[in-house]
Chemist: 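Take this structure first; my questions come after.
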Amino acid sequence: MRRESGPLELTTRREALRNIFSLAILPAALVRNRWSPWSEKVTTQEDLKGTEASPTGLFVFHTDPEQSSVVLLLCSSTPEMSRMRELRIHVGPRTWDVPFSERTSERSEATIQSSVSLNCANNLFGAHGAGVWAEWKTTAGERRRVGSPLFQTLIEAEPELAASYHACAPADDVEVLKKPVTQVLARHERSDPRVRDYRIQRLVDLLLPDVIHFNPKLPVGFTFAAQNGCHPGDGAREIAASLLDRL
Amino acid sequence: MVATPVTEPAKLRLRCSTVCEISVRSQCFQPAVDKTDLEKEGIFMSHHFDTKLAKEDPSLNVCDLYLFQGSADRTVMAMTVNPDVGLSASDILHTEGLYAFRFDKNEDGTEEVAFKFRFSEPRHADSSGHVHVQKFKVHHAEGRDAKRADSGKVVLEGETGTISSSSEIKAFVGTAPDMFAGDAVGLHAFLAAFREKRYDGDAFKTSRNFFARRNITAIVLEVPNHMIAKGTVRAWATASLYGHAPEMQVSRWGLPLITHIFLSNEGDPSLIEKFNATNPSQDKELFAPPISEFVAKMTTYANSAANPVEYGKQVIARFCPTTLPYEIGTPAGFDHAGFNGRSLGDDVMDVMLTLASNKALGDGAEPDRTRIKQEFPYFGDPYTTEEQKGVVPVPRPNKKS
């Protein structure tokens, strides 16, 4: 599974991610089809070279607007990926378990990205779209999960909230996280006191449950105009930070 | 006055002697000034000086619309006209003008509820001759009447310059501070760069609020929520001419800066005229293509969207129909997280620049929130002559341009 670094000597994170994606969807020799009841394909890649580290992120976008989409998990580093156990990808009510049995043990310090991609038909997302998220355990036994860039941005500087977040699932998010999320937002909210609570409530509604909602029938992208899926080239972290900051 | 069918805007405007008289009077507000380069080029914002007729008669120029929660169980709607009133525009409302707040309850792009203002002949309020008073009537129309000129039930009568109220309704029409804020110089440079196929986020470095310390005529109405609707409505405001001929819509406002930014592509003025003359039900057909094209180009130049065409589609899903969504009975907010009405202090320019470029872009100019009052009419006192010292009057655009 080791890739040559030649074509991936990149200058920007965005370009790196685009190239990673282009490799991630290369089928044939790279694809390890774990099981495919609906002919979905799960692909893992390791040791892709880039120029800067980034948090583990989840992306969902269509590869063909009419037919197929991809769920892509980009790990923050190969070491991060190597610590993953029991990775499970959720699309609506369906789940995929991604085993990591065939792994290379030695990795260069220069490698920063590894990916897991799930290629699937658009009808998997149903008539009105579906929520996508992923969870795994680390080798230390800690549970981790990832969903929308909005929530990932919110918890970056909030370790207590992050701990609560990783311990639950989207189905429990509103019940478990609504109060602590409201408290975190209230600390940062600068708007007029008359509208403050309502604006916080609107953002809580946007944040919870924490999934990437994706409807392949609608225009795709995590942007300032809408958040439908998320492409590695969207610059989602920056947009999420701005949305949270400028509420 | 002769009741003849009129098809051309300019003729309609001039056929009433009263209107002509008002136009002449308004000249006293136009001191000779040196035009800045910006002003020479006619660069203004929000929807200030949008159409040919609105340029000629600022009383028909709907500059902005605000929609927010008022006192208990009440909603406030406000439109502004007469940009730069007191310095370069008269405070008079057009006697053949029909000023309407329109509400779409079922997302079909047409109104089911409307509140319409009609104004009588002006009279001088003081010996200076610069301040005028006009009587007005407020019509409340529902169903088909909402679309029919000034039909509907008269629910309030009042006079400009003072708060008028009945048991349920309050209205104020008068001079007020312009709550819109924007760096017009920056926008001009930003759009000039766009025409050169460049993105220039540094265009707003000056952060000069062109609208600072300028006044406007505000038409403010507060009504019980039940007179509008339950749930979410989509609102817009219009100014039309109506009297001797069938209603002719002169200007329309549904979202900020639609014409000045999103329909400015390649400077086709007919697009803006068409926007102002049409209704939201036609927006998708007529304006979605140029808006999405503009956004796709802008994000391509800015390298800010993974797929500029898809981003263009996302923007038109927000913008078409071009109406202001608002959940009745909730605090208003026009911000990056979404549109829910618009309060007087919302910095809409930053939001629209951000949506245009898909970058966190701001112009550095902010509304003067110290001018907001907590009670009706919510607009604070207008800027005084003393406060406006140094503010250059906006020269009226040439009528023949």
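In what follows, chains carry the letters A, B, and so on, assigned in the order in which the sequence lines appear, proteins first and then strands, with residues in each chain numbered from 1. These numbers were taken from a predicted model, which means no experiment stands behind them.
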Chemist: Strictly below 4.0 Å, N to O, side chains only: are A/Arg202 and B/Glu327 in salt-bridge contact?
Modeler: no
Chemist: Considering only heavy atoms and a distance below 4.5 Å, find which of B/Thr299, B/Val315, B/Thr330 pairs most often with chain A.
Modeler: B/Thr330
Chemist: Would you kindly say whether B/Asp178 and B/Tyr383 are connected by a side-chain donor-acceptor distance under 3.5 Å?
Modeler: no
Chemist: In terms of heavy-atom pairs under 4.5 Å, which option from B/Glu310, B/Gln314, B/Arg369, B/Lys313 contacts chain A the most?
Modeler: B/Gln314
Chemist: Looking only at side-chain N and O atoms, does B/Glu222 offer a donor or acceptor that is under 3.5 Å from a partner on B/Tyr378?
Modeler: yes
Chemist: Given that the side chain runs from C-beta out, which part of A/Leu218 has a heavy atom under 4.5 Å from chain B: side chain, backbone, both or neither?
Modeler: backbone
Chemist: Side chain of B/Asp363, backbone of B/Gly186: donor and acceptor closer than 3.5 Å?
Modeler: no
Chemist: Is B/Ala317 in contact with chain A via its backbone, its side chain, both, or neither, using a 4.5 Å heavy-atom distance?
Modeler: neither
